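A quick write-up on the structure given underneath.
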Amino acid sequence: MSFLASFMNLGGPDLLVILLIILVLFGAKKLPELARGLGQAIKEFQKAKDEFTDELHKAGQTDTKTNAPASTVARTETPGTTATRPDPNQAVTPGDKADQV
């Protein structure tokens, strides 16, 4: 509760007024149900966050064990070749490709 007060820069009297308004709006019977639902939602969020971090940790371990390359894109030419590449700004007509084959 103090985190919420410091986060939103609220003092003690401000929080009491807010809690009284919530009590009037929802009633005394609904507040425990709302708090229970909020607690379950927070628990589910923490569980999903922990599972996600575990998956990331496992993925990091398998990458280091297999020594996988950093890039999964296959190379089409060897680094030593000096083939000329077409200018991407130059327009290619369909007849040009047929003449090259």
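The first residue of the sequence shown is numbered 1, and numbering continues consecutively from there. Bear in mind that the values here come from a model prediction, so they are computed numbers and not experimental data.
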field: Leu38: hydrophobic cluster co-members (side-chain, 4.5 Å)
entry: Ile42
- request: Only counting residues at least two apart or in another chain, list the ones meeting side chain to side chain contact (heavy atoms under 4.5 Å, CB included) with Leu34.
  value: Phe26, Leu31
field: Summary of salt bridge (Lys or Arg N to Asp or Glu O under 4.0 Å) pairs that have at least one residue in residues 19-32, sequence neighbours excluded
entry: Lys30-Glu33
message: List the residues meeting side chain to side chain contact (heavy atoms under 4.5 Å, CB included) with Ile21, not counting sequence neighbours, and say none if there are none.
response: Val17, Leu25
CG on Leu23 to CD1 on Ile18, rounded to 0.5 Å: 13.5 Å
Show me the donor-acceptor pairs within less than 3.5 Å that the side chains of residues 47-55 make with the rest of the protein, sequence neighbours left out.
from, atom 1, to, atom 2, distance (Å)
Thr53, OG1, Lys49, O, 3.2
Thr53, OG1, Asp50, O, 2.8

